There are 2 protein chains.
Amino acid sequence: MFNKNRRGVVFAAGGALAASAMGDMAWAAPPDRKLGYAIVGLGSYGLGVIIPQFKNCRNSRLVALVSGDPAKAKRVAQEYGVPDKNIYNYDNYDEIRNNPDIDIVYVCLPVSMHAEYTIRAAKAGKHVLCEKPMAVSSAECEAMIAACRQAGKKLMIGYRCHFEPYNLEAVRLARSGAIGKLRYFRSEHGFTFNDPNAWRLKKALAGGGSMMDIGIYALNAARYMTGEEPVAVYAQETTDRNDPRFREVEDRIGFQLEFPSGVIGSCMSMYSANQNHILLMGDKGRIEMEPATGYYGNRMWIGNGREKEVTPPPGPGATQWAGQLDHMAQCVLQNREPIVGGEEGLRDLRIIEGIYRSAREQKRVVLKA
Amino acid sequence: MFNKNRRGVVFAAGGALAASAMGDMAWAAPPDRKLGYAIVGLGSYGLGVIIPQFKNCRNSRLVALVSGDPAKAKRVAQEYGVPDKNIYNYDNYDEIRNNPDIDIVYVCLPVSMHAEYTIRAAKAGKHVLCEKPMAVSSAECEAMIAACRQAGKKLMIGYRCHFEPYNLEAVRLARSGAIGKLRYFRSEHGFTFNDPNAWRLKKALAGGGSMMDIGIYALNAARYMTGEEPVAVYAQETTDRNDPRFREVEDRIGFQLEFPSGVIGSCMSMYSANQNHILLMGDKGRIEMEPATGYYGNRMWIGNGREKEVTPPPGPGATQWAGQLDHMAQCVLQNREPIVGGEEGLRDLRIIEGIYRSAREQKRVVLKA
């Protein structure tokens with residue numbers, strides 16, 4: 001199922017293990033070389049979360065902005081020292097091809113725009129880091145992978161938890177046998193959505209509801225925590241369509257993943273209650289995380305119940321986002337494939353499509369390998 | 001969904017709510033009247049758990065023993081002051097009809113013997129308290145109900161958690177709106193079975209594996225916590241048949257219950273890991289219990305995460321078992337129906353049969369009302 005390189009870093013042979021690859025210093029780029037990022041989309045995540053992280057990076061720097069709001073872009077550019085010439089909008093976006101400052105484009109747009117802006121970036125000769133979910137469909141994911149491959153550019157998906165110390169330590173502990181043989185994995189991810197006008201509640205923009213936005217954390221964790229790919233899924237959706245928030249997209253969706261080893265992954269996704277929880281149940285104990293995949297403040301326990309709190313070793317970056325940004329930069333610098341490339345995003349989308357189909361047809365869906 | 005009697009005791013109109021009916025003093029019998037119990041089966045539960053509880057009872061006393069082991073029965077009789085004439089074996093069991101000391105028979109036998117010994121007790125003119133699961137099949141449950149009805153005798157099933165203070169308080173809090181609208185219910189129940197020769201691992205004696213023995217706590221709690229009856233179920237079984245413990249019965253079975261309100265009940269039952277957990281997730285917070293249905297040491301929190309620990313008011317008896325024993329005695333004394341009668345046991349068995357069918361056929365099973 002897994003092997004270790006000579007520095008003890010755990011890698012998945014199969015499955016979607018979050019390898020703490022950045023910890024491998026033999027792979028690290030010279031600390032003085034920084035690649036330039038263009039941030040596409042100045043919404044709450046791009047502007048509020050990602051842009052402030054460049055100060056924590058070793059190999060990444062902010063060099064350009066792409067926004068449909070010129071005044072906002074100018075304000076942000078001034079705050080972060082981005083030159084005016086490196087501000088783009090959605091019409092002149094393709095001109096980034098002529099800007100050597102930009103090595104990598106980070107797509108932080110609504111999901112329905114991921115495919116277009118990833119493909120255009122690849123065609124402009126740029127590497128792409130794209131937020132999750134990768135796209136609104138697996139067909140779009142395949143097109144994105146093909147475009148990047150054809151352009152000879154790297155593609156990485158923004159699975160920040162693969163760079164988050166608690167999640168990395170949970171994977172390490174589970175693989176080390178600390179809780180014996182894994183019996184099942186459980187995760188609930190949800191929050192209470194208050195704004196009925198948010199783009200995440202529009203089917204055309206988001207591609208789906210809670211499953212696409214927050215349930216994907218449970219799904220992805222089920223894969224990297226078990227180190228296996230699910231072979232079948234059963235899902236149940238319960239959404240109050242009279243609730244103005246949920247006219248277009250689903251609220252709650254529970255899904256049960258069957259893994260080849262017999263492990264069951266039992267997951268819940270929702271937009272109407274706050275929960276962020278992961279449990280790995282082994283025959284000799286458990287690992288529990290709550291919050292499990294938060295921006296900050298994650299906690300973890302090992303044993304039976306909440307016996308022993310675990311403080312993980314530092315992750316590959318000063319923060320999970322710095323680790324993620326620098327991993328992409330190092331992959332470009334050293335011509336290696338990101339640990340969460342386009343195939344990782346595609347796998348999740350294929351499973352999500354199976355989840356939606358199962359919920360719609362009320363039956364178990366076998367997943368293609 | 002519910003109403004309150006004048007003393008504020010919560011009763012279910014539908015569903016299987018654990019009413020703290022014993023708290024209603026208007027219904028209580030005179031404290032000096034004690035009915036006589038015969039304990040059938042001196043195994044770990046009957047002998048180790050139930051018999052020591054009579055000292056905590058107001059309306060119940062131990063008067064007779066039924067055992068296949070004469071020496072053991074004599075030793076226990078001496079310890080608890082049961083006269084020799086009130087010791088029976090499985091051959092002369094029907095002679096209890098001639099013993100006016102015995103009002104109620106408590107069947108603590110392997111599951112496959114529940115139906116026979118309940119029906120024989122009813123035919124001998126005795127009321128019956130029978131351990132859960134009620135029987136190995138719903139057909140047997142129906143026969144037991146019919147036999148007790150025909151004999152004009154009460155039938156109660158040993159659902160001790162309906163008399164357990166933490167569970168009663170969780171139901172009260174959920175019904176009071178303390179966590180807002182219920183979104184989903186989750187429960188895991190399991191323990192590590194070590195003895196491969198135990199009767200609970202023999203299909204012919206236990207009727208099934210973990211689902212019958214420990215998973216039934218999750219199932220029954222899903223019903224009394226939500227106050228609803230499930231309309232459909234999907235289940236997944238994963239059992240290592242090479243494990244000598246699981247040659248005949250299932251180890252793990254996950255099951256998803258659909259309730260009419262849209263609440264999902266997500267449950268896990270297992271014989272290969274220790275877990276005893278209940279979560280009620282509402283849109284304004286949650287109730288979490290761990291252990292949730294233990295003999296002792298249950299704990300409960302309300303809020304978001306484990307913010308605020310709850311100490312419940314006392315239950316209807318000095319212990320959950322005393323509450324249970326006395327409830328049956330008071331039902332007999334006052335000619336009322338037990339809050340967990342034969343129909344309650346039958347409902348669980350019908351759902352368990354649906355769970356097994358779903359797991360076998362790998363499809364969603366609609367449950368008959």
Side-chain angles (χ1 to χ4, degrees), chain A residues 179-184 186 188 190 192 232-241 243 251-259 261-268 270-277 279-286 288 290-291 297 299 303-306 358 361-366, chain B residues 179-184 186 188 190 192 232-241 243 251-259 261-268 270-277 279-286 288 290-291 297 299 303-306 358 361-366:
Chain A
I179 57 170
K181 195 175 173 199
L182 189 63
R183 313 309 294 184
Y184 74 96
R186 184 184 78 211
E188 289 133 0
T192 302
V233 68
Y234 178 83
Q236 296 155 301
E237 187 207 318
T238 51
T239 301
D240 177 3
R241 294 294 177 184
D243 187 318
D251 170 11
R252 271 167 296 159
I253 196 157
F255 54 103
Q256 323 306 317
L257 301 163
E258 295 172 36
F259 290 99
S261 68
V263 166
I264 292 174
S266 181
C267 302
M268 176 68 74
M270 57 201 159
Y271 266 167
S272 61
N274 295 307
Q275 173 76 314
N276 188 311
H277 188 270
L279 177 79
L280 287 94
M281 175 63 71
D283 62 358
K284 294 191 170 55
R286 72 182 83 164
E288 194 169 2
E290 185 178 319
R299 296 181 71 184
N304 284 297
R306 298 193 184 185
S358 173
E361 300 180 0
Q362 296 194 310
K363 68 180 193 193
R364 177 177 180 264
V365 167
V366 174
Chain B
I179 56 169
K181 192 172 177 202
L182 189 62
R183 311 309 295 184
Y184 74 94
R186 184 185 78 210
E188 289 134 1
T192 302
V233 69
Y234 179 83
Q236 295 156 300
E237 188 207 317
T238 50
T239 301
D240 177 2
R241 294 294 177 187
D243 187 320
D251 170 11
R252 272 167 296 160
I253 196 157
F255 54 101
Q256 323 305 317
L257 300 162
E258 294 173 35
F259 290 99
S261 68
V263 167
I264 292 174
S266 181
C267 303
M268 176 68 72
M270 55 199 160
Y271 266 166
S272 60
N274 294 307
Q275 172 77 312
N276 188 310
H277 188 269
L279 177 79
L280 288 95
M281 176 62 72
D283 61 358
K284 293 191 170 55
R286 70 181 86 164
E288 193 169 3
E290 185 179 317
R299 296 181 72 183
N304 284 296
R306 298 193 183 183
S358 173
E361 299 180 1
Q362 296 194 312
K363 68 180 194 193
R364 177 177 179 264
V365 167
V366 174

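What you see is a predicted model; the values in this text were computed from it and never measured.
Heavy atoms closer than 4.5 Å to chain A are found in both the backbone and the side chain of B:Gln362. With a threshold of 4.5 angstrom between heavy atoms, A:Gln256 approaches chain B through its backbone and through its side chain. For A:Ser272, the parts sitting under 4.5 Å from any heavy atom of chain B are the backbone and the side chain alike. At a 4.5 Å heavy-atom cutoff, A:Ile179 makes no contact with chain B through either its backbone or its side chain.
At a threshold of 4.5 Å between non-hydrogen side-chain atoms, the residues A:Arg183 and B:Gln275 do not count as touching.
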Could you go step by step and tell me if B:Ile264 and A:Met268 meet the side chain to side chain contact (heavy atoms under 4.5 Å, CB included) rule? CA-CA 10 Å; B:Ile264 292 174; A:Met268 176 68 74; 4.2 Å; yes
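In this structure, CD on A:Gln236 lies 7.5 Å from OG on B:Ser266, to the nearest 0.5 angstrom.
Chain A forms the most heavy-atom pairs under 4.5 Å with one residue out of B:Thr192, B:Asp283, B:Thr239, B:Val263, and that residue is B:Asp283. Chain B forms the most heavy-atom pairs under 4.5 Å with one residue out of A:Glu237, A:Arg186, A:Lys181, and that residue is A:Arg186.
Among B:Arg252, B:Glu188, B:Met270, the single residue meeting the side-chain contact (heavy atoms from CB on, under 4.5 Å) criterion with A:Met281 is B:Met270.
A side-chain donor-acceptor contact under 3.5 Å links A:Arg286 to the backbone of B:Asn274.
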